[in-house]
Amino acid sequence: MDHDELVSSWFHLHSSVPFSYVQLPEARPGIVASGKNIPVVDLGLHDPSQTLKQILNASQEYGFFQVINHGVPKELMDDTLNIFKEFHAMPAEEKIRESSRDPNGSCRLYSSREVNNKDIVQFWRDTLRHFCPPSGEFIQFLPQKPAKYRELFVKYTQEMRTLGLKILELLCEGLGLDPKYCCGGLSDSPSLLGHHYPPCPEPSLTLGAPKHRDPTLVTILLQEKDINALQIFKDGEWIVVEPIPYAFVVNIGLMLQIISNGRFIGAEHRVVTNSGIARTTVAYFIRPTNEQIIEPAKPLISSGVRHKYKSITYEEFLRNFMSKGSDFEPELLL
Ligand SMILES: O=C(O)CCC(=O)C(=O)O
Ligand SMILES: [Fe+2]
């Protein structure tokens with residue numbers, strides 16, 4: 001990658017947004033719903049059936065919630081956000097060197113200019129992405145700078161795996177499936193994304209991420225406390241996800257929408273920018289291995305309920321999703 005492709009390399013030279021980053025009028029950030037919020041799920045309740053009720057309602061109605069009392073140490077959450085801030089603050093040459101050790105791309109630094117067609121509108125964001133399978137494969141390709149990067153990465157992804165499996169078990173139980181239904185191949189290929197959204201001179205014209213659904217079963221997002229930037233699209237309006245300190249934002253991805261035969265919503269969301277300060281987030285994507293077949297869970301169908309989605313391998317899904325984006329979603333329907 002060329003260092004000019006990173007937004008963080010040049011944003012400070014501009015007092016207006018370059019034309020290729022100006023969104024079409026209909027996609028620009030506009031009015032948001034007032035007084036609305038996404039549900040909170042308390043994982044530490046004495047009565048587990050109450051937690052189950054909360055998580056089921058949230059997944060069916062919103063596809064988005066914030067989890068509290070999740071058991072991940074606060075210090076690790078702070079340290080992880082800070083190490084990604086430090087990474088993105090390093091000189092571009094160093095960031096590129098530290099993230100290009102694997103010729104097969106298990107670790108990758110990119111901006112939308114690198115992954116998207118050059119003709120479409122670009123997004124105000126840089127991302128460092130790693131694969132982080134439970135086998136520990138690929139660790140030798142992780143950045144060695146900042147100095148604590150590898151150590152924190154290993155600790156944080158272990159915590160995310162534990163939390164992710166706990167959430168998946170609750171969701172499967174709530175669907176009436178074996179709680180372990182999504183453990184194994186359906187969740188064995190997670191990735192970690194450290195997003196960085198530099199301050200933007202004209203936030204009303206740009207986006208940090210377009211309206212999208214995630215190509216995951218579930219996504220667990222760590223975001224900063226005081227910045228309102230993530231928005232979800234529900235019933236025709238945008239709802240701001242106001243950060244709750246030390247909560248994680250969890251959303252259902254398109255894969256779990258399919259597995260649940262549409263009972264859970266893979267909610268659409270986007271990220272807006274702000275002119276004041278940079279925002280850093282860390283997203284843990286729970287993803288299947290490439291050869292896994294994604295289809296509605298058989299026990300959900302046997303009771304006479306109609307299949308809503310076709311069967312597709314994750315590899316084929318990803319290939320189409322990368323090239324066609326959300327235009328591919330109707331093709332998944334039966
Ligand atoms: O950074 C955020 O707030 C959200 C990122 C996101 O939507 C994603 O990684 O899919
Ligand atoms: Fe997302």
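Throughout, residue positions are numbered sequentially from 1 according to the sequence presented. Remember, it's 1-based here, ligands and their atoms both numbered in the order they're listed.
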Check residues 325-334 and write down every donor-acceptor pair under 3.5 Å in which the side-chain atom is one partner and the other belongs to a residue at least two apart or another chain.
unit_1	atom_1	unit_2	atom_2	d
E329	OE1	R213	NH1	2.3
E331	OE1	K324	NZ	3.3
E331	OE2	K324	NZ	3.2

- Task: Answer with yes or no whether the hydrophobic clustering places I139 together with F141; edges join I, L, V, M, F, W, Y residues whose side-chain heavy atoms lie under 4.5 Å apart.
- Result: no
**OP:** Tell me, please, whether F131 has R129 positioned over its six-membered ring: NZ or CZ under 6.0 Å from the ring centre and within 45 degrees of its axis?
**Re:** yes
shortest atom 6 (C) of ligand 1-to-protein heavy-atom contact is with H212 NE2, 3.9 Å
Quick test of your reading of the model: are K310 and E295 salt-bridged, counting only N-O distances below 4.0 Å? no
Notebook entry, point to check: Q223 to ligand 1: N or O pair under 3.5 Å?
Noted result: no
Atoms of ligand 1 under 4.0 Å from any heavy atom of F285, numbered from 1 in the order shown, are 8 (C), 9 (O), 10 (O)
So the atoms of ligand 1 within less than 4.0 Å of a heavy atom of D214 turn out to be 10 (O)
- Query: Within less than 4.0 angstrom of ligand 1, does R125 place any heavy atom?
  - Reply: no
heavy-atom search around atom 2 (C) of ligand 1 in the protein gives Y197 OH, 3.4 Å
The answer for which part of T219 has a heavy atom under 4.0 Å from ligand 1 is neither
dist I167:CD1 -> F65:CZ (nearest 0.5 Å) comes out at 5.5 Å
So NE2 of H195 and CG of L128: to nearest 0.5 Å the spacing works out to 10.5 Å
H269 heavy atoms within 4.0 Å reach ligand 1 at atoms 7 (O)
For atom 3 (O) of ligand 1, the closest protein heavy atom turns out to be R279 NH2, 2.9 Å
For atom 4 (C) of ligand 1, the closest protein heavy atom turns out to be V271 CG2, 3.6 Å
Within less than 2.8 Å of the Fe ion (ligand 2), the count of protein N, O or S atoms comes to 3
In S112, S111, S20, the residue satisfying side-chain hydrogen bond (donor to acceptor under 3.5 Å, both in side chains) with Q122 is S112
of all protein heavy atoms, closest to atom 9 (O) of ligand 1 is H195 NE2, 2.7 Å
**Asked** Would a 4.5 Å heavy-atom cut-off, applied to side chains only, mark P39 and N57 as touching?
**Response** no
Is it true that K148 and E86 make a salt bridge, defined as a side-chain N closer than 4.0 Å to a carboxylate O? no
- CA sep, side-chain torsions, deciding dist, call: D188, R161, side chain to side chain contact (heavy atoms under 4.5 Å, CB included): CA-CA 9 Å; D188 264 354; R161 181 161 168 82; 3.5 Å; yes
Any Lys/Arg nitrogen of E151 or K155 sitting under 4.0 Å from an Asp/Glu carboxylate oxygen of the other?
yes
